[in-house]
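Dropping a structure here in structure tokens format, bear with me for questions.
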2 protein chains.
Amino acid sequence: MSQSVTTPEPITASHIRTILSQHGYRITSPRQRIVEQALLHDRPFTAEQLVAELRNHEDGSESNIGRATIYRTLEILASMDVLSRVIQPGGHAAYVVDAPGHRHHLVCSQCSATVAFTSCPIDELVQDLIADTQFQIHDHMLEVFGLCPECQPPTNGT
Amino acid sequence: MSQSVTTPEPITASHIRTILSQHGYRITSPRQRIVEQALLHDRPFTAEQLVAELRNHEDGSESNIGRATIYRTLEILASMDVLSRVIQPGGHAAYVVDAPGHRHHLVCSQCSATVAFTSCPIDELVQDLIADTQFQIHDHMLEVFGLCPECQPPTNGT
DNA sequence: ACCAATAGTGAGACATTGTGTCAATACTGA
DNA sequence: TCAGTATTGACACAATGTCTCACTATTGGT
């Protein structure tokens with residue numbers, strides 16, 4: 001089966017709690033709420049989006065989470081590879097929940113549905129680039145954009 | 001030899017003027033100044049950088065070019081493939097002067113020196129992704145980051 | 001060369017996204 | 001329980017980009 005594409009093992013809030021404390025971070029109530037809210041998304045979300053969602057908490061809890069806390073927490077989660085920072089087609093940054101090791105994403109330009117993939121065909125290119133330019137190459141960014149099946153226009157057949 | 005890397009044919013201001021009018025844009029003095037300033041750069045520059053450079057015009061011309069004009073003009077130039085929008089290592093957007101067709105860049109994380117390359121190894125990957133996901137794939141973004149020869153630490157000899 | 005039509009400009013207000021500060025708070029281990 | 005300290009939240013601030021709108025300058029026709 002398609003071993004190159006799917007992300008079959010969803011991460012859980014308690015798993016993230018474990019990772020947090022393993023890294024020496026405290027488990028606080030804002031962090032838990034942020035993690036839970038992030039896990040609700042199966043497509044990229046922006047920090048501001050989370051800010052808004054956590055502000056209108058419908059269950060009556062009026063305690064706001066500060067914007068800075070959300071940005072900080074997302075940074076932490078990204079640094080632990082729980083989230084990935086991705087660039088949206090428009091050029092804006094967003095986060096996706098991700099399993100560690102995954103690096104690249106296929107993103108629907110219309111609805112932002114996202115598929116992670118691990119195969120990375122640039123190794124050979126990197127060798128050529130090193131030979132040609134004498135750069136030391138440390139990192140790369142690869143994002144693929146298109147239309148997911150649901151957003152594609154119907155094939156005209158009635 | 002390195003046919004995959006260099007960008008040997010620099011574009012000129014008058015060439016850009018031609019392209020502009022071919023696309024129905026007027027040749028205005030702000031646009032000419034923006035184009036000339038952009039051509040001075042051989043590495044990525046941000047819109048704000050151009051704003052600053054065009055503000056301190058040292059030749060005594062006190063006419064400022066509005067920020068909006070600069071952003072608009074850069075957008076136009078990018079839409080005509082005279083410039084490319086690239087993502088800097090930090091995640092910020094910048095522009096590089098580029099020959100049409102070139103799409104990817106190798107960028108030094110330290111000094112932002114940039115090398116354009118045309119080879120693009122993702123065609124095969126794209127086929128796999130289409131087969132696995134049924135996406136229609138329209139575009140992709142690939143940026144490679146590293147250290148240029150001048151910014152690399154010395155090899156520890158001595 | 002002149003004119004009218006209209007694309008383009010510039011200034012600044014505004015929006016968005018993100019960072020820094022710092023007193024107050026809450027988590028943790030003892 | 002308590003103290004130590006990581007963390008929080010509110011807000012100020014910065015950077016980057018968008019929008020508006022009256023004014024200006026370019027262009028094509030004459």
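Chain letters run A, B, ... following the sequence lines, proteins first, then strands; residues in each count from 1.
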_Using C1' atoms of five pairs at each end, report the bend of the helix from C:dA1-D:dT30 to C:dA30-D:dT1 rounded to 10 degrees._
40°
*B:I70 CD1 - C:dA11 P separation (whole Å)*: 11 Å
*Could you tell me which residues satisfy ring-ring contact (aromatic ring centres under 6.0 Å, His included) with B:Y95, sequence neighbours excluded, listed by chain and number?*
none
*Between B:A68 and B:G24, name the one whose nearest nucleotide on DNA chain C is closer to the 5' end.*
B:G24
*With sequence neighbours excluded, residues passing side-chain contact (heavy atoms from CB on, under 4.5 Å) with A:A131*: none
*Kindly write out the residues that satisfy side chain to side chain donor-acceptor pair (under 3.5 Å) with A:T69, not counting sequence neighbours, or none if the list is empty.*
A:R72
*asked:* Looking at A:R72 and D:dG9, is any side-chain donor or acceptor paired with a base atom of the opposite kind under 3.5 Å?
replied: yes
*When the distance from CG of A:L74 to P of C:dT17 is rounded to whole Å, what number comes out?*
13 Å
*side chain to side chain donor-acceptor pair (under 3.5 Å) partners of A:R67, counting only residues at least two apart*: A:E48
Collect all protein-nucleotide pairs involving nucleotides 23-30 of chain D in which both atoms are nitrogen or oxygen and the distance is under 3.5 Å.
residue: D:dT26; atom: O2; partner: B:R26; partner atom: NH1; Å: 2.9
residue: D:dT26; atom: O2; partner: B:R26; partner atom: NH2; Å: 3.4
residue: D:dT27; atom: OP1; partner: B:I27; partner atom: N; Å: 3.2

Can you pull every protein N or O that's under 3.5 Å from an N or O on nucleotides 12-17 of chain D?
residue: D:dG17; atom: OP2; partner: B:Y71; partner atom: OH; Å: 3.2

*Set of residues satisfying side-chain contact (heavy atoms from CB on, under 4.5 Å) with respect to B:C120, sequence neighbours excluded*: B:H104, B:I122, B:H140
*Expressed in angstrom and rounded to an integer, what is the separation of A:Q49 atom CD from C:dA15 atom C1'?*
17 Å
*Could I get the full list of salt bridge (charged side-chain N to carboxylate O under 4.0 Å, His left out) partners for B:E75, not counting sequence neighbours?*
B:R85
*Given side chains that start at C-beta, do those of B:I137 and A:F145 come closer than 4.5 Å, heavy atoms only?*
no
*Only counting residues at least two apart or in another chain, list the ones meeting side chain to side chain donor-acceptor pair (under 3.5 Å) with A:R17.*
A:Q32
*For A:R31, report the nucleic acid contact type (base, sugar-phosphate, nothing); a contact means any heavy atom under 4.0 Å.*
sugar-phosphate
_Pairs meeting criterion ring-ring contact (aromatic ring centres under 6.0 Å, His included) with involvement of residues 29-52 of chain A, two or more places apart_ = A:H41-A:F45
*Can you list the residues that meet the side-chain contact (heavy atoms from CB on, under 4.5 Å) rule with B:T12, with sequence neighbours excluded?*
B:S14, B:H15
*How many Å lie between CZ on A:R17 and P on C:dC27, as a whole number?*
13 Å
*asked:* Measure OH/A:Y95 against P/C:dT17 and give the value in whole Å, please.
replied: 12 Å
_If I take atom CD1 in residue A:I65 and atom C1' in nucleotide C:dA26, what distance separates them, rounded to the nearest angstrom?_
14 Å
*May I have the distance from A:E75 (atom CD) to C:dT19 (atom P), rounded to whole angstrom?*
6 Å
*Tell me: CG of A:L20 to C1' of C:dC27, nearest whole Å?*
13 Å
*Could you give the distance from CZ (A:F117) to CG (B:D132), rounded to the nearest 0.5 Å?*
11.0 Å
